[in-house]
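Each remark here refers to the structure printed beneath this line.
Values in this document were obtained by computation on a predicted structure and should not be read as measured data.
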Amino acid sequence: MKIKHILLFILNLPFSILLINGQIPAGYYNSATGLQGEELRDALHNIIDDHDVVSYSDLWEVYEDTDKRQDGKVWDMYSDCDFTFGSDQCGSYSSICDCYNREHAVPQSWFNEASPMVSDAFHVIPTDGKVNQYRSNFPFGECNSGTTYGTGKLGSCTYPGYSGTVFEPADEYKGDFARIYFYMATRYMDVIDNWPGGASFSEDNLSNWTRIMMLEWHHNDPVSQKEIDRNNAVFAYQDNRNPYVDNPVWADAVWDPDYVPNNLEEFQVFFSITPIPASDKITVKINHAYYTNTKITIYDISGRIKYSQFVQSTNEIIEINDYLPGTYFIVLESNSVFYSKKLVVIK
């Protein structure tokens with residue numbers, strides 16, 4: 001009788017290979033393999049640096065490939081308006097849904113409208129002109145009692161660490177904006193300290209409160225097919241990619257490589273093997289006394305989801321079948337907790 005043996009070792013985060021399916025050139029990220037922290041950010045910067053610059057005026061045309069909804073309308077992350085490409089392009093406006101324009105997720109006043117930031121399609125996105133005007137050059141943040149404009153809110157920041165005026169995007173796009181900011185803090189890490197404004201950045205990095213908030217947004221709003229498609233479309237124009245869309249775990253590997261959840265002793269994962277070779281069964285026992293409604297996701301080495309399920313109770317045992325020898329990444333998410341292990345199955 002053959003019995004599977006598990007070689008299990010804990011990684012702070014599985015940052016070696018966990019790619020969302022997309023048009024990633026072979027070997028594109030080879031120089032980043034196995035790194036974390038500033039070494040990883042340096043490597044990713046060198047990979048995505050010196051992109052092909054699209055002119056600011058050409059962004060109107062780019063958007064028809066990068067930001068088109070399934071119904072053919074403009075995909076606007078600031079409103080639910082139905083904009084038609086070209087004919088609804090701003091121009092003048094006085095109300096929400098009048099027209100769409102080019103919004104800098106990182107306001108251009110923060111970097112003196114300098115190139116190539118001013119036309120980098122990864123952060124210059126089509127949005128409602130009037131909502132864009134309300135957002136102005138305020139940082140992204142959270143404002144529980146803010147005034148609603150489109151699908152966002154404007155008001156005093158209620159997120160710890162900052163009390164100024166902020167613009168809070170819709171929950172369904174918070175992860176998108178977080179990964180845009182991770183991209184900007186990586187692509188332009190060599191010039192950020194010369195940017196004259198912006199509460200979201202400090203010296204050559206994200207400000208501390210922004211970093212923590214963006215990681216929460218990143219975890220709570222995972223990469224969507226919209227982002228994957230947009231990443232591929234922008235790559236076709238700029239010849240660079242957003243690595244945090246391709247490999248979401250790199251966000252933690254760069255900005256929180258030593259992250260472990262609170263009360264880790266009460267949030268442990270035990271893996272055991274049921275010795276029945278015909279069923280190829282893995283038994284996962286989860287002890288999470290302080291956390292309920294925990295999501296467990298297992299990815300294979302190429303980033304495909306092999307298993308995904310919510311567990312509701314403590315000390316729950318899950319039986320997972322049909323696993324071939326290979327490497328898998330097991331990720332647990334509960335509220336703001338993000339915990340992962342690497343699993344190597346040898347038959």
Got a list of side-chain donor-acceptor pairs under 3.5 Å for residues 109-117, not counting sequence neighbours?
residue : atom : partner : partner atom : Å
Ser109  : OG   : Asn137  : ND2          : 3.3
Trp110  : NE1  : Asn137  : O            : 3.3

Original post:
Rounded to the nearest 0.5 Å, what separation is found between the CG atom of Asn101 and the CD atom of Gln133?
Top reply: 9.5 Å
Original post:
With a 4.5 Å heavy-atom cut-off, do Asp221 and Asp171 have their side chains touching?
Top reply: no
**OP:** Evaluate the disulfide bond (SG atoms under 2.5 Å apart) criterion for residues Cys143 and Cys157: first the C-alpha distance (whole Å), next the side-chain angles of each, then the deciding distance (0.1 Å), finally the verdict.
**Re:** CA-CA 5 Å; Cys143 48; Cys157 187; over 6 Å; no
Original post:
Take atom CD in Glu61; do more than 12 heavy atoms of anything else shown fall under 6.0 Å from it?
Top reply: no
**OP:** Output the distance between atom OG1 (Thr186) and atom CG (Leu40), rounded to the nearest 0.5 Å.
**Re:** 8.0 Å
**OP:** Give a yes-or-no answer on whether the side chains of Tyr134 and Asp128 include a donor-acceptor pair shorter than 3.5 Å.
**Re:** no
Subject >> Between OG on residue Ser156 and CD on residue Glu142, distance to nearest 0.5 Å >> reply: 14.0 Å
Original post:
Angle class for the Trp209/Tyr159 ring planes (parallel below 30°, perpendicular above 60°, tilted otherwise)?
Top reply: tilted
Original post:
Of Asp52, Asp58, Asp65, which meets side chain to side chain contact (heavy atoms under 4.5 Å, CB included) against Tyr237?
Top reply: Asp65
Original post:
Mind checking whether Tyr244 and Trp255 have parallel, tilted or perpendicular rings, split at 30° and 60°?
Top reply: tilted
Original post:
Do you reckon Ile125 sits in the same ILVMFWY cluster as Tyr100, going by side-chain contacts under 4.5 Å, direct or chained?
Top reply: no
Subject >> Chi angles and distances behind the side chain to side chain contact (heavy atoms under 4.5 Å, CB included) call for Lys174, Phe140 >> reply: CA-CA 9 Å; Lys174 284 179 177 175; Phe140 288 129; over 6 Å; no
Subject >> Shortest non-hydrogen contact from Ser92 toward Cys99 >> reply: O-SG, 3.8 Å
Original post:
Take atom CD in Glu39; do more than 12 heavy atoms of anything else shown fall under 6.0 Å from it?
Top reply: no
Original post:
Under 4.5 Å between any side-chain heavy atoms of Val53 and Ser119, yes or no?
Top reply: yes
**OP:** Please lay out, stage by stage, how Leu206 and Phe182 fare under the test side chain to side chain contact (heavy atoms under 4.5 Å, CB included).
**Re:** CA-CA 8 Å; Leu206 297 169; Phe182 296 147; 3.9 Å; yes
Original post:
Which heavy atom of Ala199 sits nearest a heavy atom of Ser207, and at what distance?
Top reply: O-OG, 2.9 Å
Subject >> Test item: Asp88 side-chain N/O and Phe83 main-chain N/O as donor-acceptor pair under 3.5 Å >> reply: no
Original post:
Are side-chain heavy atoms of Leu154 and Phe167 found at a separation under 4.5 Å?
Top reply: yes
Original post:
When the ring centroid of Phe177 is compared with that of Trp217, is the distance short of 6.0 Å?
Top reply: no
Original post:
Between CG of Asn240 and CG of Asp120, what distance do you get to the nearest 0.5 Å?
Top reply: 6.5 Å
Subject >> Aromatic ring proximity Tyr181/His218, centre distance under 6.0 Å >> reply: no
Original post:
Parallel under 30°, tilted from 30 to 60°, perpendicular over 60°: which one fits the rings of Trp195 and Tyr188?
Top reply: tilted
Subject >> Shared hydrophobic cluster, Met189 / Ile48 (ILVMFWY, side-chain heavy atoms < 4.5 Å) >> reply: no
**OP:** Could you list who else is in Tyr93's hydrophobic cluster, with ILVMFWY side chains joined at under 4.5 Å, directly or through other members?
**Re:** none
Can you give each donor-acceptor pair under 3.5 Å made by side-chain atoms of residues 66-75, sequence neighbours left out, with the distance rounded to 0.1 Å?
residue : atom : partner : partner atom : Å
Thr66   : OG1  : Val62   : O            : 3.3
Asp67   : OD1  : Arg230  : NE           : 2.8
Asp67   : OD2  : Arg230  : NE           : 3.2
Asp67   : OD2  : Arg230  : NH2          : 3.0
Arg69   : NE   : Asp71   : OD1          : 3.1
Arg69   : NH1  : Cys81   : O            : 3.3
Arg69   : NH1  : Asp82   : OD1          : 3.4
Arg69   : NH2  : Asp71   : OD2          : 2.8
Arg69   : NH2  : Asp82   : OD1          : 2.6
Asp71   : OD1  : Lys73   : N            : 3.0
Lys73   : NZ   : Thr84   : OG1          : 2.7
Trp75   : NE1  : Tyr173  : OH           : 2.8

Original post:
Arg41 and Asn205: which non-hydrogen atoms are nearest, and at how many Å?
Top reply: NH2-ND2, 3.3 Å
Original post:
Tyr28 and Trp250: same hydrophobic cluster, using ILVMFWY side-chain contacts below 4.5 Å?
Top reply: yes
Subject >> Beyond-backbone contact of Ile228 with Gln225, side-chain heavy atoms, under 4.5 angstrom >> reply: yes
Original post:
Rounded to the nearest 0.5 Å, how far does CD of Glu168 lie from OG1 of Thr147?
Top reply: 12.0 Å
Subject >> Exam field: side chain Asp98 to backbone Ser94, donor-acceptor pair closer than 3.5 Å >> reply: yes
**OP:** Could you go through the side-chain hydrogen bond (donor to acceptor under 3.5 Å, both in side chains) check for Asp246 and Tyr29 one step at a time?
**Re:** CA-CA 10 Å; Asp246 286 331; Tyr29 290 118; 2.6 Å; yes
**OP:** Could you please spell out the steps behind the side chain to side chain contact (heavy atoms under 4.5 Å, CB included) verdict for Ile180 and Glu227?
**Re:** CA-CA 10 Å; Ile180 287 172; Glu227 285 182 88; over 6 Å; no
Subject >> Arg187/His51 under side chain to side chain contact (heavy atoms under 4.5 Å, CB included): CA gap, chis, key distance, verdict >> reply: CA-CA 9 Å; Arg187 168 62 181 87; His51 66 267; 3.1 Å; yes
**OP:** Give the intermediate values and the outcome of side-chain hydrogen bond (donor to acceptor under 3.5 Å, both in side chains) for residues Asn220 and Glu216.
**Re:** CA-CA 6 Å; Asn220 293 336; Glu216 289 185 8; 5.2 Å; no
Original post:
How close do Ala43 and Ser31 get, heavy atom to heavy atom, and via which atoms?
Top reply: CB-O, 3.8 Å
Original post:
Side-chain heavy atoms under 4.5 angstrom apart, residues restricted to Ile, Leu, Val, Met, Phe, Trp, Tyr: same cluster for Ile192 and Ile47?
Top reply: yes
Subject >> Straight-line distance of Asn242 CG to Asn247 CG, nearest 0.5 Å >> reply: 11.0 Å
Subject >> Closest approach of Ala121 to Leu59 (non-hydrogen atoms, all atoms of both residues) >> reply: CB-CD2, 4.0 Å
Original post:
Taking all non-hydrogen atoms of both residues, which atom of Val118 and which atom of Tyr56 are closest, and how far apart?
Top reply: O-CD1, 3.5 Å
Original post:
So, is the end of the Arg135 side chain (NZ or CZ) under 6.0 Å from the ring centre of Tyr78 and within 45° of the ring's axis?
Top reply: no
Original post:
Does any non-hydrogen side-chain atom of Pro25 lie less than 4.5 Å from one of Arg241?
Top reply: yes
Subject >> Side-chain touch Gln238/Phe122, heavy atoms, less than 4.5 angstrom >> reply: yes
Subject >> Co-membership, hydrophobic cluster, residues Val124 and Val234, 4.5 Å side-chain >> reply: no
